[in-house]
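Both backbone and side-chain heavy atoms feed into the values below; hydrogens, waters and symmetry mates do not.
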Amino acid sequence: MCGIVGYVGPRDATPIILNGLKRLEYRGYDSAGVAVFNGGQIEVRRDAGKLSQLVDLVGKSPINGAPGIGHTRWATHGAPTTRNAHPHLGSSGRVVVVQNGIVENFLELKDELTAEGVVFQSETDTETIVQLVEHYLAAGMGFVEAARKTFNQIQGANVVVLMSADEPEKIVAARIGNAGGVVIGLGEGENFLASDTPAIMEHTRKVIFLESRQMTIVSRENVRVETLDGAEIKPQVHTVSWDPVAAERGEYRHFMQKEIHEQVRALTDTLAGRVDFGKGEIRLPDLKLTKELANRIEKIYITACGTAAYAGMVGKYLIEKIARVPVEVVIGSEFRYSDPIVTPNTVVLAISQSGETADTLAAMEEGRRKGGILWSIVNAIGSQAMRVADGYISMQTGPEIGVASTKAFTAPLVDQYMLAILLAGLRGVIDDKTRRSLVADLRLVPDLAGRALDTEADVEKVAHALKDIRGCLYLGRGINMPIAYEGALKLKEISYIHAEGYPAGEMKHGPIALIDEEMPVLCLAPKDPWHEKMISQIQQAKARGGVVIAVATEGDELIQGMADHVLWVPEAPWMLSPIVTVLPLQLLAYHIATIRGLDVDQPRNLAKSVTVE
């Protein structure tokens, strides 16, 4: 969830960039850096650690000039060291880059560049971008065209910002997929660029939001926006309120909508510093999981409430399938009353966005009382669920303001997938090839999520068709069964429409009696091991006159011919498919609620953190 700030204009860029980065520091604080053009060359200052360390460094070794770009980082490739910190210079020192996202094909690009004699100075995927730009410059291309060709060659969801000493009057940036925002601030004889509006609000209220697969060339007097194919676009200029809450929402109507779209960035950050794609390894140091402990574990209880519990249900599939450890999911409010069988070889894994949920904390206390091993997956750093655990995984999603949880649902899915791989490796139940394959699939996650979110306009059309429904039945099987529960919960939470999630195979054991032309049925039917079974469920619902909304994999003509409405998702490895199948359900609930004129950020009777029973 890296923070990015850029400036083009007559003033010294360094203080503008550092002040902007302070407003974005929660988006990344394991390293930071700034690069400015000065005296015909690009100067860089960067350091590992928090932004304050960069500020101290600049104080001791001043750096002045313009234009400039800066960055705060959550590491995704390479340890949080000075040499891995952004910005990254190319081999010639004439081009510099900052990035937010993951270059999925960086290993292939790096191999190609290395074969041509390029020597890499860092362990990051980001450096491949700047080395590729310099490669095209050496072949005779201009800076903008070299940048465009590079943008079209890298794969994944990314925000990339470039600056060249040979064309110092401009900054070139691109948004590739939904990796995060690119906000262009319009000034008088100067312009700004950032990954979110708060970074530049003290300078301007007029902004342009870059859309997916668009790039911009920003100079003092002009901002040009193009597609990645080179077609010029006339962007819409927005006026952002000085109200800090409105500014934080940026281009979105509500925090919930913003947080739905922030999931690409949140998922990238969830991988940050934990996945070594080169070695095919997972690192979760805060979990304190050793080989001896991994082999001691006989059972895992996952305990949580609401949305977090449904994330835990997905985790049960992942951990049992990959690590072959028995898992039981128990609702937090029921755990201590069920007299669970907990031994010193039992893990109690609590999942909580706030880390202060009363029932979840009580379940952890019961696990401790019975001598179990306590783990937690928590979003709020320093919360009680994090403090009392023997080991933890931080979600790294950033603040979640909307009451209905979105990014704090998908992040734990990835956390548990990584936990399952680490546990399996330590227990010796998967071979090296399998582990590497599972780890490699994680590179796809941010881009898959971005592609699923790109369908929002189509989801909104379906929402208009369903805005007057009085109830809905959600059906799923296997690893997507919990997504039926979570989709139904989202609709209940913010639209106040009764919805019920159900195992699809149980439809004939009761719920089928509800199905008629007044009861829509939403079926999760991606191409996974349960695909054929879900087709049967759709046929049975249609036979009873039900209106079927299907979540299906792109290009599934069979589903398209059967369902009344289809919410398309990209094809994904089946164990990671819940990450993409839940996204259209979040969007569907959101748009139905907004069409009905409801307060989606603060729905009635609900609180963000349930700190009482």
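- Residues Ile217 and Val225 fail the side-chain proximity criterion, which asks for heavy atoms closer than 4.5 Å.
- Each of Glu262, His261, Glu259 was checked for a side chain to side chain donor-acceptor pair (under 3.5 Å) with Lys407, and the lone residue meeting it is Glu262.
- Rounded to the nearest 0.5 angstrom, Asp276 CG and Ile282 CD1 are separated by 9.0 Å.
- Checked by atom type and distance alone, the side chain of Ser195 pairs as donor or acceptor with a backbone atom of Ile4 at under 3.5 Å.
- When only modelled atom types and interatomic distance are considered, Asn84 and Thr124 share no side-chain donor-acceptor pair under 3.5 Å.
- A salt bridge between Asp196 and Lys258 is present, with a side-chain N of the basic residue lying under 4.0 Å from a carboxylate O of the acidic one.
- Side-chain contact check for Val95 versus Val97: every heavy-atom pair is 4.5 Å or farther apart.
- Using a 4.5 Å heavy-atom cutoff, the side chains of Val275 and Val439 are in contact.
- Across all non-hydrogen atoms, the minimal contact from Ile42 to Ala165 is CD1-N, 3.7 Å.
- When the side chain to side chain contact (heavy atoms under 4.5 Å, CB included) test is applied to Ala424, the partners found at least two apart in sequence or on another chain are Ile322, Ala323, Val429, Ile430.
- When all heavy atoms of Pro446 and Val264 are compared, the closest pair comes out as O-CG1, 3.4 Å.
- Under the 3.5 Å distance criterion, with hydrogens and angles disregarded, no donor-acceptor pair is assigned to the side chains of Glu202 and Asn19.
- For the residue pair Gln353 / Ser405, no side-chain donor-acceptor distance below 3.5 Å is found, with atom types taken as modelled.
- Scanning both residues, Ala572 and Val580, for their nearest heavy atoms gives CB-CG2, 4.2 Å.
- Here the CG-CG distance, from Leu444 to Leu576, works out to 8.0 Å after rounding to the nearest 0.5 Å.
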For residues 55-66, dump all side-chain donor-acceptor pairs below 3.5 Å to protein atoms at least two apart in sequence or in another chain.
from, atom 1, to, atom 2, distance (Å)
Ser61, OG, Arg45, NE, 3.0
Ser61, OG, Arg45, NH2, 3.3
Asn64, ND2, Asp12, OD2, 2.9

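- Here OG of Ser122 is found 4.5 Å from NE2 of His88. Values are rounded to the nearest 0.5 Å.
- Judged by distance alone, the side chain of Thr227 and the main-chain N or O of Gly230 form a donor-acceptor pair under 3.5 Å.
- For Glu169 and Arg220, the salt-bridge test fails: no basic side-chain N is under 4.0 Å from an acidic carboxylate O.
- With hydrogens and angles disregarded, no donor-acceptor distance shorter than 3.5 Å links the side chain of Glu190 to the backbone of Gly187.
- Ion pairing of Arg436 with Glu281 is absent here, as no side-chain N (NZ or NE/NH1/NH2) approaches a carboxylate O to less than 4.0 Å.
- Side chain of Asp125 to main chain of Val103: a donor-acceptor pair is present (N/O by atom type, distance under 3.5 Å, no hydrogens or angles).
- By the 6.0 Å and 45° rule, Lys170 does not stack over the aromatic ring of Phe143.
- Looking only at side-chain heavy atoms (C-beta outward), Met201 and Arg23 stay at 4.5 Å or farther from each other.
- Note that the CZ atom of Arg94 and the CE atom of Met163 stand 11.0 Å from one another [nearest 0.5 Å].
- In this structure, the side chain of Asn100 does not engage the main chain of Val159 through any donor-acceptor pair within 3.5 Å.
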Exercise. Passes salt bridge (charged side-chain N to carboxylate O under 4.0 Å, His left out), Arg451 versus Asp454? Steps please.
Worked result: CA-CA 5 Å; Arg451 287 165 56 193; Asp454 283 341; over 6 Å; no
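- Using a cutoff of 4.0 Å between basic side-chain nitrogens and carboxylate oxygens, Glu226 and Arg224 are scored as salt-bridged.
- Nearest heavy-atom pair, Tyr136 versus Ala146, reported as atom, atom and distance to 0.1 Å: CB-CB, 3.7 Å.
- Taking the six-membered ring where tryptophan is involved, the planes of Phe192 and His203 are essentially parallel, since the angle between them stays under 30° and well short of 60°.
- The CG atom of Asp432 sits 11.0 Å away from the OG atom of Ser437 when rounded to the nearest 0.5 Å.
- Side chains of Asp447 and Gln155 form no contact here, defined as non-hydrogen atoms less than 4.5 Å apart.
- Panel note: side chain Thr270, backbone Met395; a donor-acceptor pair is recorded below 3.5 Å.
- Counting only heavy atoms from C-beta outward, the side chains of Leu113 and Leu132 approach each other to under 4.5 Å.
- Between Val569 and Leu583 there is no side-chain heavy-atom pair separated by less than 4.5 Å.
- Interatomic distance, Gln586 CD to Leu453 CG, rounded to the nearest 0.5 Å: 8.0 Å.
- No side-chain heavy atom of Phe255 sits less than 4.5 Å from a side-chain heavy atom of Ile260.
- Glu134 places a side-chain N or O within 3.5 Å of a backbone atom of Ser91 that can act as its donor or acceptor partner.
- Ser219 and Asn222 are not linked by any side-chain donor-acceptor pair at a separation below 3.5 angstrom, with hydrogens and angles left out of the test.
- What you find for Met215 and Leu228 is that their closest heavy atoms are CB-CD2, 3.9 Å.
- A distance-only check finds no donor-acceptor pair linking the side chain of Glu127 to the backbone of Phe120 [under 3.5 Å].
- Of the N and O atoms on the side chains of His86 and Gln99, not one donor lies less than 3.5 Å from an acceptor on the other residue.
- Heavy atoms only, all atoms of each residue included: Pro67 and Ala13 are closest at C-CB, 4.2 Å.
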For this session: Apply the test salt bridge (charged side-chain N to carboxylate O under 4.0 Å, His left out) to residues Asp415 and Arg274: give CA-CA distance (whole Å), side-chain angles for both, the deciding distance (0.1 Å), then the verdict.
Result: CA-CA 10 Å; Asp415 289 329; Arg274 296 164 173 172; 3.5 Å; yes
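- Side-chain N or O atoms of Arg443 include one that pairs as donor or acceptor with a backbone N or O of Glu104 at under 3.5 Å.
- Panel note: side chain Thr204, backbone Leu186; a donor-acceptor pair is recorded below 3.5 Å.
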